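Before any comments, here is the structure.
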Amino acid sequence: MSLTAKDKAAVTALWAKVSGKADEIGHDALSRMLAVYPQTKTYFSHWKDLSPGSAPVRKHGKTVMGGVGEAVSKIDDLTAGLLNLSELHAFQLRVDPANFKILSHNILVVLAILFPIDFTPEAHVAMDKFLSALSLALAE
Amino acid sequence: MVVWTDQERAFIQDIFSKLNYEDAGPELYCRVLIVYPWTQRYFGGFGNLYSAEAIKSNPMVAAHGIVVLHGLDKAMKNMDDITVLKGLEKALKNMDNIKNTFTALSELHSEKLQVDPGNFQLLGDCLTVVLARRMTTDFTPDIQAAWQKFLSVVISALTRQYY
């Protein structure tokens with residue numbers, strides 16, 4: 001499943017509207033992932049505090065959304081553009097790729113919460129495809 | 001055996017009490033058919049599904065979304081009643097006996113409708129997004145956790161009669 005020109009335009013347009021709240025989106029999505037899918041906590045056992053609002057969750061949410069923003073800018077070639085991040089997640093962090101899907105779902109939920117009007121079905125499908133493509137690039 | 005805390009029950013009942021089926025039902029199915037277009041194969045009898053605009057204005061799509069939500073709601077309202085009813089509403093009303101309540105529905109989906117069970121998860125994810133849009137910040141992480149647990153129990157019950 002590859003991104004059409006229409007998908008890319010929709011993602012870029014949505015990102016322009018939401019990127020101002022990137023930190024908040026990242027923090028909320030991560031909080032939800034840890035609350036709704038407690039098995040993901042195993043990756044963060046080195047953090048003192050895993051609750052919503054804690055410093056490590058906020059900081060990491062910001063880092064993750066920074067990655068998403070980078071991916072938007074490299075939307076025409078995610079595999080090449082995200083090579084370093086892919087190696088990090090695969091070899092250093094050793095994240096089971098199934099977890100990318102979980103986090104992607106929570107990013108979509110947060111976008112729906114914060115931007116109910118802008119998150120139309122068209123924006124939803126484009127973003128869903130983009131995050132899937134991003135996850136695939138990270139898993140390679 | 002699924003165990004529900006009082007808080008989880010309260011969260012789920014609260015979500016349904018605030019949900020406008022006539023409004024959310026159509027949006028749910030629109031999103032499913034637009035975001036996961038391969039699901040359109042199950043709705044050949046629904047007429048024009050060729051574009052997002054067509055899907056959004058298709059009355060059969062809208063009606064089906066409402067049917068599914070009533071299914072969930074009935075489950076909640078008949079917690080002690082294992083009589084077979086329709087859809088997701090049933091699960092809500094039968095939260096303590098979702099597995100048995102959904103026996104007939106599971107057979108319907110597997111034998112008659114022949115729906116690939118992976119689609120139940122897709123529908124669940126879309127419904128979560130629809131709820132999130134409506135409830136916005138009221139849809140807290142704890143409420144989302146209870147909701148997704150409820151959905152996974154419903155999905156598991158629906159998948160049980162597949163072989």
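Chain naming here is simple, since letters A, B, ... match the order of the sequence lines and numbering starts at 1 in each. In this text, all values refer to a predicted model and were calculated from it rather than measured experimentally.
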Heavy-atom side-chain contact between [X] and [Y] under 4.5 Å:
| X | Y | result |
| --- | --- | --- |
| B:Trp147 | A:Val36 | no |
| B:Arg133 | A:Phe115 | no |
| A:Val109 | B:Phe139 | yes |
| A:Pro116 | B:Arg134 | no |

- How many angstroms lie between atom OH of B:Tyr36 and atom NE2 of A:His124, to the nearest 0.5 angstrom?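 So the gap between those two atoms works out to 5.0 Å.
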- Between CD1 on residue B:Ile34 and CG on residue A:Asp128, distance to nearest 0.5 Å: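 Between atom CD1 of B:Ile34 and atom CG of A:Asp128 there are 12.5 Å.
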Common cluster, [X]/[Y], ILVMFWY with side-chain heavy-atom separation under 4.5 Å:
| X | Y | answer |
| --- | --- | --- |
| A:Tyr37 | A:Leu93 | yes |
| B:Leu113 | B:Leu158 | yes |
| A:Phe100 | A:Phe91 | no |
| A:Leu83 | A:Leu85 | no |
| B:Phe120 | B:Trp38 | yes |

- Query: Do the charged groups of B:Arg31 and A:Glu122 touch, with an N to O distance under 4.0 Å?
  - Reply: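 No.
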- Do you know which of B:Pro37, B:Ala145, B:Cys126, B:Ala52 has the most heavy-atom pairs under 4.5 Å to chain A?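 Looking at each option in turn, the highest pair count goes to B:Ala145.
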- With a 4.5 angstrom heavy-atom cut-off, which part of B:Gln144 approaches chain A: side chain, backbone, both or neither?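 Interface part for B:Gln144: both.
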- What part of B:Lys149 gets closer than 4.5 Å to chain A, counting heavy atoms only: side chain, backbone, both or neither?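 Answer is neither: B:Lys149 stays 4.5 Å or more from chain A.
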- Message: Tell me whether the count of non-hydrogen atoms from other residues, nucleotides or ligands lying under 6.0 Å of NZ in A:Lys8 goes above 12.
- Response: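 Yes, because the 6.0 Å sphere around NZ of A:Lys8 holds more than 12 heavy atoms from other groups.
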- Message: Testing the basics here: between A:Ala112 and B:Val129, what is the closest heavy-atom pair and its distance to 0.1 Å?
- Response: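 Answer, listing the atom of A:Ala112 first, then B:Val129: CB-O, 3.7 Å.
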- Task: Heavy atoms only, distances under 4.5 angstrom: which of A:Arg32, A:His105, A:Met127 has the most pairs with chain B? Name it, please.
- Result: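 Max contact count across the listed options: A:Arg32.
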